[in-house]
Every structure is written in structure tokens, then in C-alpha cells.
Amino acid sequence: MTIRTKIAVQFSIIVATILAIFSIAIYLISENYRQKEFYNSLRDRALTTSRLLIKEPQIDKQLLKVIDKNTLSSLYPAQVLVFNDSNQVAYYNYEADTIYYSPELLDRIRSQRYIETTFGDKQVVGTMYSDTSSKSYAVLAQAEDVYGKQKLENIKETMYVGYFSAILLTILLGFIFAGQSLKPISNINDEISQITATSLKRKLETGNNKDEIATLALNFNRMLSRLDKSFELQKSFVSNASHELRTPLAAVKSEIQVALQNERTPDEYKGILSTLLHDNDRLIKLTNSLLVLAKSEDDANFKLNPIRVDEVLFSVQDEILHLNPNFTVLIDFDEIPDDMNWVTVHGKVELLKTLFMNLVDNACKYSQNQQADIRIKANKGNCLISVSDTGIGIPNEELEHVFEPFYRTKNASTFKGSGIGLSICRRIVDLHQGKISVKSEISKGSLFVVVLPHV
Ligand code: ADP
């Protein structure tokens, strides 16, 4: 069932129920009024007849019957019976045996003074009437409210017609209004079905910019922008990655081609092979970095272990010095807190090592004295690790780009590198719910600060 049909049906059911409740209530109330009114008029009829009969004894009873039948009963054929003290019929305007009465009923009238009851389709009123000679009469009047019932029947029929017409109208209007209200959604649907991976720049109409549907379209547009941005990043990442891989591969190829052109001495071959080895190392390093980055995407839900940051830094220092004996890596633990929990973070040791290896390697690589200074301190919530150098620095306008994949500053073009290291660093810090920032001054040096929440 479509939402449009659902809304129309639900709306119609609600209206039908409310209408039914009101119609039944109106019918019952009208029936109640009808009965009350008819009892009152029967009582008036009973008293009028008694008054004429008893107060005006000179009136001929036959004449009274004629008057009663022709005038008083003109609206409805009411039957009136008047009983004296000894339950004998003192007057009747119809044959007495066609009128319902019993000694018990007369006793009830005498004891209660006034009663209302029914007999078949007829309503019955019993009342007492006393004349001046202190004689009291029990008067019975009964009749069927044909006119009132007919009126009520007419009301019922009118209500039936009104009820079903109103429901039909409600269903029709429900369909129209539901269709109108849902039209923006079906428009959005049509627009969305035309958006593909190549047309992410398209945007949905946001209508009046106010209602829920406009908010939905706005949010969808925002999502499209995010998707578009990440598609663009992905594309540029792939093209940059292939470029970075192709350059050393092309170099290796041309070196081999040149080598093969002439006969070489063993020393020349050695030289060529060591250049090839160097290029090969570069390739391995780059593919490893790309692998770390790709793996870290899958590692969004990786298992975290408590890790002592100071220990990670020591092993980074060892490893870097082992790979590059010319580098100097100094670690300052002066501000380290007594509580070792403050330097313990939830993380993954290989990733944290890669993070600090990249920062320390950069610091040494981009400074003339090839020295990196590491500082570790902590506050109540975080552990702060800074890696500084006194090297070439980063131009101010390029600071915000250095964490982008494959970005390399202009002043670093003479240094070997691929521009992938810092983007890996940022990804690792993000995975550890931390922050990384950089301050730098050209030709004076750079300071990278990593903030990680401790246990
Ligand atoms: P790579 O060092 O391999 O080029 P990175 O991603 O590690 O790649 O760094 C990106 C760029 O940021 C570098 O190319 C360099 O321009 C700049 N950079 C990073 N660290 C430093 C530093 N300590 N001093 C100066 N520039 C730096």
C-alpha cells in the first residue's frame, strides 16, 4: 500500500469514526427528547380530559368522547381512562378492553402519584387527579408517538445519507490532499533516481527551505557534497599514487635500458645495481605507506590496547638511529608525570610507531643538523607529544595542506619524499581520537604536536 493510500484510508477511518459517534449520540439524544415530550403531552391530555369530566359534570360523556376524539386526539389517537376510588372506570374515550391496565398498575399510580411506562409500541402515563370534593381519580393515558417516531426516522435517514456522503467526500479529499502533500517527496524521488556516481554535483530542489521535506533535500544535498568531495579525493589519491609509483618504475626501466646498451665492467654493473636497489627501496617504502593508509581505513574498529607512549618513543628512537646513523633523536622526559597512566594511551602499537617514525624522520630529513627533539608531557585528560626541528620550515600558506595525501611544499622539492607520510600520521591520530597540529617558521624550524587522550 502506498503512503498516499495509507494516509487517505487512515484519515477516512478517523473521520468515519468521529462522525459515527456524533450521529449515534445525536440519534439517542433526539429519541430521549421525543419520549420525554410525548410523556408530557400524554400527561397534559390525561389531566385536561379529567378536568373536563370531573369539574364540568354537566358535560355529556358521549359529547366529551366526540370532542376528545375529534379535537384532543387530532394529533394522535390517545386513549384515556379515568378510574374512581374503587377502581371502576368513570370515563373512557375508547373501548376499555383495548386499553392496557391492571389493578397493580392502578395501585402503583396511587402510590407513586405519577408513572411513565410503555406497553408494546405505546407510551403510557398514569397520574392522579383530585377534584374539590376531595375525590381522587387515577387517570391512564396511552398512545403511540407515530408522528415523533416518523420524525426521528426521517432524521435517521438524513443522517445515513449525510454520513456516507461525508465519508465518500473524505476519501476523495484525503487522496487529493495526501497526493499534494507527498508530491515534493515524489519529485525528490524522481530527481534522486537521476543522480549517478558521475553526476554527484547535481543538487535537489529544496522548495520553501522551511518544512521537513526541504530539510530532507538539504541534508541529501549535503550528503551529495560529502560524497562528491570524497570521490574527488579518492580520484586524486589514485592518480597521485600511480604517478608516484610510475616515476621510480620508469627510472628503473631507463637505467636498465641504458645498462643493456653496452658491455659494462663489473664495477659499472655494481654501480647500476646499487642505484636500482635504491630505487627499489623507494618503491617498497611507498607501497608500504600506501598499504598502511589503506589498512587504516579498514581498521576503524580495530582493537585498542593500553600502550605506554614513552616506550613507543624509545623504540622509534632506536629504529631511526639504526636505519640512519647520521640522525640525532633527543627525548626530553623532564615534564613526564609520576603517574604512568598519564602517558598510557589506548591504541595500536604498530600504528603509533609509524606515526612517530614519520614525524621524527621528517624532522631529521628536513633540517641541516638532522636532529629531532621529542618532548612528552601530560595533563589531566591528554598526553602531549611534540616533535620539533630547526630545519627548512613550512611556508605559512602551505601549512594547512601538508596533511593532504601527496602534498609536498615547494621548498622541500630538493628532498626525497612522496608526500604520503603526514596524511598517514593524521589518519592514525584520528583513529586514536587524538589531534595533530603544526607550527612552523620558514628557515627556523617546525613543531608538530600530537595530543592523545590517556587512560
Ligand atoms: P614526505 O616527507 O615524504 O614528502 P610527508 O607527508 O611526510 O611526505 O610530508 C609532507 C610535506 O610536508 C613534505 O613534503 C614537506 O614539504 C612538509 N614537511 C613535513 N615535515 C616537515 C618538517 N619537519 N619540516 C619542513 N617541512 C616538512
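Atoms within a ligand are numbered from 1 in the order they appear, just like the ligands themselves.
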Output yes when the distance from some N or O of ligand 1 to some N or O of [X] is under 3.5 Å, and no in every other case.
X    : result
I392 : no
I394 : no
S418 : yes
G417 : no
T409 : yes

>> Could you check whether N411 and T409, counting side-chain N and O atoms only, form a donor-acceptor pair closer than 3.5 Å?
In response: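 Checked: T409/N411 side chains pair up, N/O donor to acceptor below 3.5 Å.
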>> Pairing donors with acceptors under 3.5 angstrom, does anything connect the side chains of Q180 and R4?
In response: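 Not at all, the side chains of Q180 and R4 share no donor-acceptor pair under 3.5 Å.
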> How does K365 reach ligand 1, by side chain, by backbone, by both or by neither, if only non-hydrogen atoms under 4.0 Å count?
Replying inline: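 Answer for K365: side chain.
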Would you mind running through ligand 1 and noting each atom that sits below 4.0 Å from a heavy atom of [X]?
X    : answer
A412 : 15 (C), 16 (O)
V402 : 10 (C), 12 (O)
I420 : 6 (O), 8 (O)
F448 : 20 (N), 23 (N)

> In terms of side-chain geometry, is the basic nitrogen of E144 or K149 positioned less than 4.0 Å from the acidic oxygen of its partner?
Replying inline: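 K149 and E144: salt-bridged.
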> Are E31 and R34 ion-paired here, with the side-chain N under 4.0 Å from a carboxylate O?
Replying inline: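 So E31 pairs with R34 through a salt bridge.
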> Got a sec: does the CZ of F11 have more than 12 other heavy atoms crowding it under 6.0 Å?
Replying inline: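 Not buried by this count: 12 neighbours or fewer within 6.0 Å.
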> Got more than 12 heavy atoms from elsewhere within 6.0 Å of CD, E205?
Replying inline: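 Atom CD in E205 is not crowded, with 12 or fewer foreign heavy atoms closer than 6.0 Å.
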Quick one: look up the protein heavy atom nearest [atom] and list residue, atom name and how far away it is.
atom                   : value
atom 5 (P) of ligand 1 : L422 N, 3.5 Å
atom 7 (O) of ligand 1 : N362 ND2, 2.7 Å
atom 4 (O) of ligand 1 : R408 NE, 2.6 Å

> Once you round to the nearest 0.5 Å, how far does CD of Q142 lie from OG1 of T117?
Replying inline: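 The CD atom of Q142 sits 10.0 Å away from the OG1 atom of T117.
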>> Nearest 0.5 angstrom please: I13 CD1 to I171 CD1, how far?
In response: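 The CD1 atom of I13 sits 9.0 Å away from the CD1 atom of I171.
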>> Judged on heavy-atom distance to atom 23 (N) of ligand 1, which of N358, V360, D389 sits nearest?
In response: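 Looking at heavy atoms only, D389 sits closest to atom 23 (N) of ligand 1.
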> Among F406, Y366, Y407, F403, which residue places a heavy atom closest to atom 11 (C) of ligand 1?
Replying inline: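 Ranked by closest heavy atom to atom 11 (C) of ligand 1, first place is Y407.
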> Hey, are the side chains of I320 and M357 touching, using non-hydrogen atoms and a 4.5 Å cut-off?
Replying inline: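 Yes, close enough: below the 4.5 Å cut-off.
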> Should G391 be listed as contacting ligand 1, given a heavy-atom distance under 4.0 Å as the test?
Replying inline: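 No.
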> Centroid-to-centroid, Y39 to Y114, below 6.0 Å?
Replying inline: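 No.
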